2 protein chains.
Amino acid sequence: MREFLKTKGYKMTPQRELVFRSFFELGEHVSVDELFDRVKRIDKAVGYSTVWRNLKLICEVGLAREVTVGDGVTRYDRVTRKPHGHFYCLNCKSLQEFDLNEIAGRLSKVATAEKFATESFKVEIEGVCQSCRDKENKKAKRTLSTSPKISRTKPSRQK
Amino acid sequence: MREFLKTKGYKMTPQRELVFRSFFELGEHVSVDELFDRVKRIDKAVGYSTVWRNLKLICEVGLAREVTVGDGVTRYDRVTRKPHGHFYCLNCKSLQEFDLNEIAGRLSKVATAEKFATESFKVEIEGVCQSCRDKENKKAKRTLSTSPKISRTKPSRQK
DNA sequence: TCACTAAATGAAAATCAATTTCAATAGCAA
DNA sequence: TTGCTATTGAAATTGATTTTCATTTAGTGA
Ligand SMILES: [Mn+2]
Ligand SMILES: [Mn+2]
Ligand SMILES: [Zn+2]
Ligand SMILES: [Zn+2]
């Protein structure tokens, strides 16, 4: 890792080391805040901007990609294996991955047909995950009179 | 229109009328700022928040959808005909649409297989559009020595 | 080992789109 | 008309992201 960065003109520092390691431990769909919390648990002197900058760097060198699902918080997704799309649960805000190889093929064709030089795909399915629907069903059984539907309102940017 | 809104408990006002009309005139992939500018040209007394709120309302009543391409600016897309995906040119930031009916079918299958209750799809192809590549090629012919590649850097949120 | 230089850091400030607040205004139903 | 409520516009707030800047540090090579 140190060597890898050195060839690109970057230096290795304890903070960078920690941020990188923490990111790869956390794995998928990590937000800056989540990573910052994680890093702070080990070294509370590390600054937010350091975490942010190193997350950007991880993307810069091609080890992660930004994922924006429209809830106002950018997540960072480790670049591994084959391309994948995301299920985004509007209720619990979780992300699940699904394979994209079949669909990617079709998208490539479309892009070629339209003379578009593809850099990447972004495929997202918004809806409600099974776990949320199960919970909802249980609740519905208890409360037969009213129908407390799952709120599918788009989340506000505020906490 | 007035009647349509009335049934949902909304009132019609000159400002609302103007915002709605302007939105449908502009058509596709409109940002709040763009719409605000347009509206202001006709009535400069209309406030930004009024435009914003009415754009939200247009979505609320199902006439438009938000489109987020990851450049930090939400666009609003008139809901028409069949579902479509977007080409997003990383160079000129333009959006082009492409048909999604074939791909949508596959996505539905994937969602069903994973017990996910789909609400909507979001399919985006990032890359460089033909027009941008043409310009680039012309430039390359003139300047044979250097190679002034198109910047594919993700745009900053700042103006 | 030592000194030098560019890169990196942390705190704070700035930016920016999005959203809310609030007092004043204006639809519209009765 | 009257009264109630939705709507408006300006300004303030929010929350994520990004930059600034003074200081520290990694890596280089004498
Ligand atoms: Mn992922
Ligand atoms: Mn569109
Ligand atoms: Zn869920
Ligand atoms: Zn272009």
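Not measured: the values here are computed from a predicted model. Just so we're on the same page: letters track the sequence lines, and every chain starts at 1.
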Atom [atom1] of [X] to atom [atom2] of [N]: distance rounded to whole Å?
{"X": "B/K8", "N": "D/dT7", "atom1": "NZ", "atom2": "P", "answer": "14 Å"}
{"X": "A/W52", "N": "D/dT18", "atom1": "CH2", "atom2": "P", "answer": "5 Å"}
{"X": "A/D71", "N": "C/dA17", "atom1": "CG", "atom2": "P", "answer": "19 Å"}
{"X": "B/F36", "N": "D/dT8", "atom1": "CZ", "atom2": "C1'", "answer": "13 Å"}
{"X": "A/L5", "N": "D/dT28", "atom1": "CG", "atom2": "C1'", "answer": "17 Å"}
{"X": "B/I58", "N": "D/dT7", "atom1": "CD1", "atom2": "P", "answer": "13 Å"}
{"X": "B/E66", "N": "C/dT19", "atom1": "CD", "atom2": "C1'", "answer": "12 Å"}

Quick one: side chain to side chain donor-acceptor pair (under 3.5 Å) partners of A/E126, sequence neighbours excluded? B/S120

With A/S49, which residues qualify under side chain to side chain donor-acceptor pair (under 3.5 Å), at least two apart? none

Listing, residues 101-113 of chain A side-chain donor-acceptor contacts under 3.5 Å, not counting sequence neighbours, or none:
from   : atom 1 : to     : atom 2 : distance (Å)
A/N101 : ND2    : A/D99  : OD2    : 2.9
A/E102 : OE2    : B/R106 : NH1    : 2.0
A/R106 : NH1    : B/E102 : OE2    : 2.0
A/S108 : OG     : A/A104 : O      : 3.0
A/T112 : OG1    : A/S108 : O      : 2.8

Contacts of type side-chain contact (heavy atoms from CB on, under 4.5 Å), residue A/K115, not counting sequence neighbours: B/Q130, B/R133

With sequence neighbours excluded, tell me which residues meet side-chain contact (heavy atoms from CB on, under 4.5 Å) with A/F23. A/V30, A/L35, A/L55, A/I58, A/A64, A/Y76, A/R78

Where the side chain of B/K6 is defined as all heavy atoms beyond and including C-beta, which of D/dA16, D/dG27, C/dA29 is the nearest nucleotide? C/dA29

Modelled atom types, side-chain donor and acceptor of A/E97 and A/H29, under 3.5 Å: yes

Nearest nucleotide by nearest heavy atom, which residue falls closer to the 5' end of DNA chain C, B/Y76 or B/R2? B/Y76

Please encode protein proximity along nucleotides 6-11 of chain C as a string of B, S and -, counting only heavy-atom distances under 4.0 Å. BSSBBB

So, OP1 or OP2 of C/dA18: does either fall under 4.0 Å of a side-chain N or O from B/K56? no

For the helix from C/dT1-D/dA30 to C/dA30-D/dT1, how many degrees between its two end axes (five pairs per end), to the nearest 10°? 30°

Pairing residues for A/F98 by the ring pair (Phe, Tyr, Trp, His ring centres under 6.0 Å) criterion, not counting sequence neighbours: A/F87

Tell me, which pairs form a salt bridge (charged side-chain N to carboxylate O under 4.0 Å, His left out) where one or both residues lie in residues 11-21 of chain A, sequence neighbours left out? A/R21-A/E25

Does B/K122 pair with B/E66 as a salt bridge, N-O distance under 4.0 Å? no

